[in-house]
Structure formats: structure tokens, C-alpha cells
Amino acid sequence: MSRRALVPTALVLGLLVPALPAGATTPGASVPANAADGPWAGRSPEAVAVTARFAISRDDGNDVKGDLDLASMKISRGKSKDTLAFSTHDPVSNASIDPDNGNFVALIDTNQDDRFDFGQYVFFASGRLRGVLLDLRTSRVVDRTAPASRSSATAFRTSIVRSKIDSPGTYRFVLFAYSEAGACSRRNPCVDTIPNRGPMIALDHRAPTATADPMERYAGDVRSGLTSPLTFRVADDPFGTGVKRWTVQRRAVGGANWVDVRSGSTKNTTVSVPGAQGQTYDVRVLVVDKQKNTGVSSTRRTTFPFDDRNAAIAYAGVTVPNAPAGAFLTTTTSLELGATATLSFTGAARFCVMGGPVAAGLSATADLVIDTVSMGTATEDDTTPARERVLCVDVGAGAHTAVLTGSSAVPFELDGLYVAR
């Protein structure tokens, strides 16, 4: 059996892709004889349609002589293999795709160097429709029984198993129909392609990545308002189709639903994540490439304090609201000797007292009791930075009541309370 009609790679390379660099070698000129000749060790299984995670479709006009004039193509990305379905304008006889007369082939570039690395051929031989995968760099037959089938006189299907083409994440391909029969000849073969011109069709099957830096565990450490910065980077694999967009999401710890915060496409950026007083959030970045592959970053966590003027904090005794520079939400509350601030909360948490500087040369203290148990003394002086956590303690599960009592002649400046989950 002849192999001359199986589409010569050297011929089709010049149709769609730039000229090869000087000194570059062309892949195998045609399919080796042992790819088309028997005896056959087995038959090609039927190419079964996958549940498409993403699909690309192309139509082609009635623009080539012969009965192998391509009409349409659709490739559907599956979990481990991709289904390539294609059709012709006219019915195709078995004789038309006998290797002496013609064939279909998907020529595949796996590293975006504009040279085809693999060819998956569909043709009729030894009484059956055949699918054969070849490594065009070595002319080695990779798979004699690549899935191939036809569902009508004009419709065909083959499956590209990604593990067999050494794909690093994305491959690019061109579908060819090659004929020397009828109105075509060896001297003047009929060649149709989808697409008819470059670029090649890219099928991206590796998810992009999102890398998020750690967030400030206590949001008030870096902002005097209700936002916390998240810095992150997104990227697609080197041969991929590129990042389409990212979305920063947050979810209150213990909550079920993620809420979109902001979307964009910049690869390296910082987003200010808004929050509510007293809440702890998990934060993540979702990233989607141009073919709907989705990646997600590691989850980061940040906590926003209750401001000193939040209604959840109950005061007793003489308290004085102030507005010092740098205070969280602009105010602090002075706890004079014996004055108390009380906050009730539920669940295991790290409880922190946020203070700030007092007048030059002075210091102040406040005693913390949680559930009637003394938890220590918060201390601040004139060198204490604004929004500083001056005392943190851990508590377990259950309902809790925290009471902070001014314990010095100098009023203690309370800027807020954290309940960090």
C-alpha cells in the first residue's frame, strides 16, 4: 500500500506558518509506511464525544475541489482528551481516504515554535476507519489505534489524548484534508485547511495561577479605615492563551458565600479589600484564562477591629471621646480610672486591645477580664504608635464577655477591640 497521499508535512508547513528559521529542520516529510500498512495489531476505538469544558468551532467555505472539502470543525476540551469533530461539504467515500488517495490530519505544535510536532491522521485502511498518531520529529508511530469514527457520510471524529503528545499545557493545531483523487492529482493535490490562514488554533488546558501575598492579620495595623491591602500576581502557563481576568473575593469566617470585591486583568497589583467592623475574612483570588480555565490562590485572612465608638462596646463610668492623629476611624475613647468598656462575643478567637499614644512623658494602663478571669494588663505610653495592639489573649469556644477597666490615674486611650477568628 502506498503512503504517498498521506499529507506531506513539508508541504503544509508553508501554507500557514512563518518560514522556519535558517538551519531549522522540517519534521518527517510524510507518514511512514508502517503507519498505513498492515498487519494491524488492533482497531481504532470509536472517538466518543467528551463532556466539553470548553469548545472551539470554525466553519469553512466551499473553496477546494474534490470531496474532501472541509465544511466545519469543532474541538471540545475534556478532562484528559479532546474530541475533534469535523465535516465536509460533500459525502466522502472510503476510497477517497484510502492512503493512495487522501486523508485527514490534525497537525499539532506543542511548544509554539511554528513547527508541527505530532500528526493525528484519519484514513481508511484494511477495511476500517483508522486513527494514527505520529511523532513528526522522529517519524515514530505513537499510537496505531487513536480513536476515530464517522457518524455520517460527511461527519468524522477523532480524539487527541493529551498524555500522548507531550503537551506542556497548550497545543496549537491545524486541521488538513489532503486529496489526490478525482479532480485532484499527485502533481496538483487538493489541500483544504481549518483555519485557512494563521494563527493556528490554540487549545489551552492548563489553569492559570494566582499567587497572593500574606495579608495583614489585623487590618488596623496598616490602615486607619475599613480596608486591608492584598497584593497578588496572576499568570498563565508559558504556552497558554493568556489571563483574561481575575476576581478578588472575600468570605466572612464561618460564612458560606464568597463575595466579589474587585475584578481586573493587571498581572501584578494590590487591591484594597473592604470590611466591616468586628469581622474576620478569608480572602482569595480567582483567575480565568481566555479559554475558561480557572485557578485560585491560597486563602489569606484579615480581621477588622471594632472601633472604639462601635455600638457593640458598652461603656460605664466617665469616658471622653478624642480625635488624635492616626486613630482608627479618627477617634479614641479615654478610659479614666475605674471606667469600663465591655464587649460580648461568641466563639474561639484571639482578643486584642488596640490603644495609642498618651501625652508626652506619661503612661496608662487598663486591666482586661474575660468571663471573670483576669487576662492581663494593657499598657501604653507616649511612644505607643497609633492603632497599636497593646494586649492580645486567646480564648476558646463559647460565649464570652470581655471587660476592660481603666487602672491608672492617666486615662487609657482605647482605639478599638479585635475579635480575630
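A salt bridge is defined here as a Lys NZ or Arg NE, NH1 or NH2 lying under 4.0 Å from an Asp or Glu carboxylate O, and R115 with D113 meets this definition. Salt bridge D237/R206: absent, no basic N to carboxylate O contact under 4.0 Å. A salt bridge is defined here as a Lys NZ or Arg NE, NH1 or NH2 lying under 4.0 Å from an Asp or Glu carboxylate O, and R389 with D221 meets this definition.
Within the 3.5 Å criterion, the main-chain N or O of S159 finds a donor-acceptor partner in the side chain of Q120.
Scanning for salt bridge (charged side-chain N to carboxylate O under 4.0 Å, His left out) contacts around D381 gives an empty result, with sequence neighbours left out. Among residues two or more places apart in sequence or in another chain, the salt bridge (charged side-chain N to carboxylate O under 4.0 Å, His left out) test is passed with D382 by none.
Legend: side-chain hydrogen bond (donor to acceptor under 3.5 Å, both in side chains) pairs involving residues 390-400, not counting sequence neighbours, sorted by first then second residue: R350-D394, D371-H400.
Nearest approach of A252 to Q279, heavy atoms of both residues: CB-OE1, 3.8 Å. In terms of heavy atoms, N293 sits closest to A207 at CB-CA, 3.8 Å.
Tested against F104, the residues F124, F156, F123 include a single ring-ring contact (aromatic ring centres under 6.0 Å, His included) partner, F156. Of the options F328, Y418, F304, a ring-ring contact (aromatic ring centres under 6.0 Å, His included) to Y218 is made by Y418 and by none of the others. With R233 as the fixed residue, the side chain to side chain donor-acceptor pair (under 3.5 Å) test singles out one of T211, T209, D213: D213.
With a 6.0 Å radius and a threshold of 12 heavy atoms from other residues, nucleotides or ligands, N257 has its CG atom at or below the threshold.
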**Request:** Determine, stepwise, if the pair T88 / D69 fulfils side-chain contact (heavy atoms from CB on, under 4.5 Å).
**Result:** CA-CA 5 Å; T88 57; D69 184 12; 5.8 Å; no
**Prompt:** F345 and L417: side-chain contact (heavy atoms from CB on, under 4.5 Å), yes or no, with the steps?
**Reply:** CA-CA 11 Å; F345 61 97; L417 298 172; over 6 Å; no
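Side chains of R309 and T333: a donor on one and an acceptor on the other come within 3.5 Å.
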